[in-house]
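Quick notes on the structure that follows.
Remember, it's a predicted structure, so these values are computed and weren't measured experimentally.
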Amino acid sequence: MKNQIQNPFSVAGKLINTQSPLLNLLSYLFFVLGLTFGIILCFHYKSFSFYLQVTNGKFSIFTSQSLQEQSPPLKFSSPPPNMNNTSKRESLKSPTLMHEMSDEELIWRASMVPEIQEFPFKRVPKVAFMFLTKGPVILAPLWEKFFKGHEGLYSIYVHSDPSFNGSEPEGSVFHGRRIPSKVVQWGHVNMIEAERRLLANALLDFSNQHFVLLSESCIPLHNFSTIYSYITNSAHNFVEAYDLRGPVGRGRYSHRMSPTIKLDQWRKGSQWFEIDRKLAIEVISDKTYFPVFQNYCNGSCYADEHYLPTFVNVKFGERNSNRTLTWVDWSRGGPHPAKFIRTDITSEFLEKLRSGRSCEYNGKKTNVCFLFARKFTYNALDRLLRFAPQVMQFNK
């Protein structure tokens, strides 16, 4: 029908076909430009984008959406996690204290030494305080005051009798610090096994560089800063070792220990020691001298007074101070040292233990010879707590 509305694109096509070639070309260009301008105006404010491509004289329009459908997105791998000091320390952190490893597996793990001596992070050396006890650490409140404010500079390990079922309250520095333990008999070689067990557990923490053996009746004689500085700055280990003739010295030697251990190598000393990491690894790794004690030092031999003094004397005497850091009173005689009760505790008594003797430290004379003392009973605790801030300067 003549009145029928015609498609404008059809009309444009007819006009283009009836004109001259030059006019056709100009008309075609104006048409395309107008169409393009119209599309831009219509969709500019709708975040719509398009791309005009000319291929073999043909025009193709692509929207941003169609391009995304045709081209797969680029994939970038996530950056590696930042191995900061914290994550590195976590990778070297010792396992939970309560574990199911046998003594053999524990010692094997603890005896491993990194070939690269430099740590890949800033490391603060810690002192491992190892408590060999029958039950709880009876003077724990005093030790709580001693350790307060010095987190990160110490570790605590407790080896108590397996029959002990008690536990320290949450928030205590002793909470969760018990290690898997076995029965220990006084004077028996299994006491050395317990000491090696404590050392092995403490060695699993690479930050532990010094190791102190204590009992439940031990007290600190100085504040934490003084003891930490004294131990970490020392050029020597502190294992008492001396040659004592008579029945309680050389008289305990068995000739069946020869030729591994000779009589002139036999030493006696205090059970309570402080040693560095290098010596601690040597102690738990010893498969030469310790088996001799297991086989031939029983009964009245008292392995705890002879094994470590003899072992250190034979192999590491040049780095040993030949003295202990733990004061004990043997003046009353008998097989056990004196005990101290409430009425024994005075400021004068504690000051005498702190500085009443002369000794050598790093080649120089000093009157600070003992850092710890024993044996103090539970009923002495209240007076110890009273004098500690003033005499032992726990607040510094």
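- A distance-only check finds a donor-acceptor pair linking the side chain of Asn362 to the backbone of Asn233 [under 3.5 Å].
- Residues Ser215 and Trp272 come closest through the heavy atom pair CB-CH2, 3.5 Å.
- Ion pairing of Arg319 with Asp276 is present here, as a side-chain N (NZ or NE/NH1/NH2) and a carboxylate O approach within less than 4.0 Å.
- Contact of the Arg267 side chain with the Asp243 side chain is registered, since non-hydrogen atoms from C-beta on lie closer than 4.5 Å.
- Looking at Trp266 and His306, their side chains come closer than 4.5 Å, going by heavy atoms from C-beta outward.
- Tyr378 and Phe146 fall within the same hydrophobic cluster, defined by Ile, Leu, Val, Met, Phe, Trp and Tyr side-chain heavy atoms under 4.5 Å apart, directly or through other members.
- Here the side chain of Ser234 pairs no donor or acceptor atom with the backbone of Ile231 at under 3.5 angstrom.
- Judged by a 6.0 Å distance limit and a 45° cone about the ring axis, Arg123 is not positioned over the six-membered ring of Phe206.
- Residues Met392 and Phe387 form no side-chain contact, since every pair of their non-hydrogen atoms from C-beta on lies 4.5 Å or further apart.
- When atom types are taken as modelled, the side chain of His222 and the backbone of Phe370 share a donor-acceptor pair closer than 3.5 angstrom.
- Across every non-hydrogen atom of Glu216 and Pro136, the tightest pair is CB-O, 3.6 Å.
- Judged by distance alone, the side chain of Arg374 and the main-chain N or O of Leu214 form no donor-acceptor pair under 3.5 Å.
- To the nearest 0.5 Å, the span separating CD on Glu305 from OG1 on Thr310 amounts to 11.0 Å.
- Listed here is the closest heavy atom pair of Gln271 and Leu213: O-CD2, 3.6 Å.
- The two residues Val292 and Ile261 come nearest to each other via the heavy atoms CG1-CD1, 4.0 Å.
- In terms of modelled atom types and a separation under 3.5 Å, the side chain of His159 and the main chain of Leu132 share no donor-acceptor contact.
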Go through Lys278 and Glu282 one step at a time and tell me if the salt bridge (Lys or Arg N to Asp or Glu O under 4.0 Å) criterion holds. CA-CA 7 Å; Lys278 182 177 181 180; Glu282 294 288 348; over 6 Å; no
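- The aromatic ring centroids of Phe311 and Phe293 lie 6.0 Å or more from each other.
- Each of Leu350, Leu221, Ile345 was evaluated against Val391; a single residue qualifies, Leu350, per the side chain to side chain contact (heavy atoms under 4.5 Å, CB included) test.
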Steps toward side-chain contact (heavy atoms from CB on, under 4.5 Å) verdict (His150, Ser225): CA-CA 8 Å; His150 301 284; Ser225 298; 3.6 Å; yes
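- One finds the CH2 atom of Trp186 at 10.0 Å from the NZ atom of Lys134 (value rounded to the nearest 0.5 Å).
- One finds no salt bridge joining Glu193 and Arg196 here, because no Lys/Arg side-chain nitrogen approaches an Asp/Glu carboxylate oxygen to under 4.0 Å.
- Within the cation-pi definition used here (under 6.0 Å to the ring centroid, within 45° of the axis), Arg177 qualifies as a partner of Tyr157.
- Rounded to the nearest 0.5 angstrom, Gln209 CD and Thr232 OG1 are separated by 10.5 Å.
- Both tests do not hold together for Arg342 against Phe349: distance to the six-membered ring centre under 6.0 Å, angle to the ring axis within 45°.
- Taking the six-membered ring for Trp and thresholds of 30 and 60 degrees, Phe238 and Tyr361 have nearly parallel ring planes, at less than 30 degrees apart.
- A salt bridge does not link Asp344 with Lys339: every distance from a Lys NZ or Arg NE/NH1/NH2 to an Asp or Glu carboxylate oxygen is 4.0 Å or more.
- The six-membered or imidazole ring of Phe290 lies near that of Tyr307, with a centre-to-centre distance under 6.0 Å.
- A heavy-atom distance below 4.5 Å is not found between the side chains of Asn322 and Tyr242.
- Between Phe131 and Trp143, a ring centre-to-centre spacing shorter than 6.0 Å is recorded.
- Side-chain contact between Met191 and His188 is absent, with no heavy-atom pair separated by less than 4.5 Å.
- For the pair Ile192/Asp304, a side-chain contact is recorded, criterion being any heavy-atom separation below 4.5 Å from C-beta on.
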Go through Met130 and Asn201 one step at a time and tell me if the side-chain contact (heavy atoms from CB on, under 4.5 Å) criterion holds. CA-CA 10 Å; Met130 308 180 302; Asn201 277 277; over 6 Å; no
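- By the 30° and 60° cut-offs, the orientation of the rings of Phe129 relative to Phe147 is perpendicular.
- Counting heavy atoms from C-beta outward, Ser254 and Met257 have side chains that approach closer than 4.5 Å.
- Ion pairing between a basic and an acidic side chain is recognised when a charged N comes within 4.0 Å of a carboxylate O; Glu144 and Lys148 show no such pairing.
- Judged by distance alone, with hydrogens and angles left aside, the side-chain atoms of Asn313 form a donor-acceptor pair with the main-chain N or O of Gln265 at under 3.5 Å.
- With hydrogens and angles disregarded, no donor-acceptor distance shorter than 3.5 Å links the side chain of Asp329 to the backbone of Ala338.
- Note: the hydrophobic cluster containing Val314 also contains Ile281 (ILVMFWY, side chain heavy atoms under 4.5 Å, direct or indirect links).
- In this structure, SG in Cys218 is found 11.5 Å from CG in Leu371, a value given to the nearest 0.5 Å.
- With no hydrogens or angles considered, a side-chain donor-acceptor pair links Asp161 and Ser163 at under 3.5 Å.
- Taken from CG in Leu97 to CG in Asp205, the straight-line distance is 9.5 Å, to the nearest 0.5 Å.
- Hydrophobic clustering keeps Leu142 apart from Val328 (ILVMFWY residues linked when any side-chain heavy atoms are closer than 4.5 Å, directly or through intermediates).
- Side-chain N or O atoms of Thr324 include none that pairs as donor or acceptor with a backbone N or O of Phe273 at under 3.5 Å.
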List the steps, then state whether side-chain contact (heavy atoms from CB on, under 4.5 Å) holds for Leu106 with His99. CA-CA 9 Å; Leu106 170 66; His99 53 74; 4.0 Å; yes
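- Rounded to the nearest 0.5 angstrom, Asn320 CG and Ile275 CD1 are separated by 10.0 Å.
- A ring-centre distance under 6.0 Å is found for Phe340 and Trp327.
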Assess whether side-chain hydrogen bond (donor to acceptor under 3.5 Å, both in side chains) is satisfied between Lys126 and Ser155, documenting all intermediate values. CA-CA 7 Å; Lys126 293 194 295 186; Ser155 301; 3.2 Å; yes
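- Ile107 approaches Ile284 most closely through the heavy-atom pair CG2-O, 3.2 Å.
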Verdict with supporting geometry, Val239 and Phe316, side-chain contact (heavy atoms from CB on, under 4.5 Å): CA-CA 10 Å; Val239 178; Phe316 308 100; over 6 Å; no
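- With Arg197 contributing its side chain and Asp103 its backbone, the two residues share no donor-acceptor pair below 3.5 Å.
- Between Tyr228 and Phe224, the ring planes lie parallel to each other; the angle is under 30°, not in the 30° to 60° tilted range.
- No donor-acceptor distance shorter than 3.5 angstrom exists from the side chain of Arg323 to the backbone of Cys359, with no hydrogens or angles considered.
- Residue Val127 is grouped with residue Val124 when hydrophobic side chains (ILVMFWY) are merged at heavy-atom distances under 4.5 angstrom, including chains of intermediate members.
- Side-chain atoms of Phe211 and Leu279, non-hydrogen and from C-beta on, never get closer than 4.5 Å to each other.
- Between Ala200 and Ala110, the shortest heavy-atom distance links the atoms O-CB, 3.3 Å.
- Residue Val189 is grouped with residue Val283 when hydrophobic side chains (ILVMFWY) are merged at heavy-atom distances under 4.5 angstrom, including chains of intermediate members.
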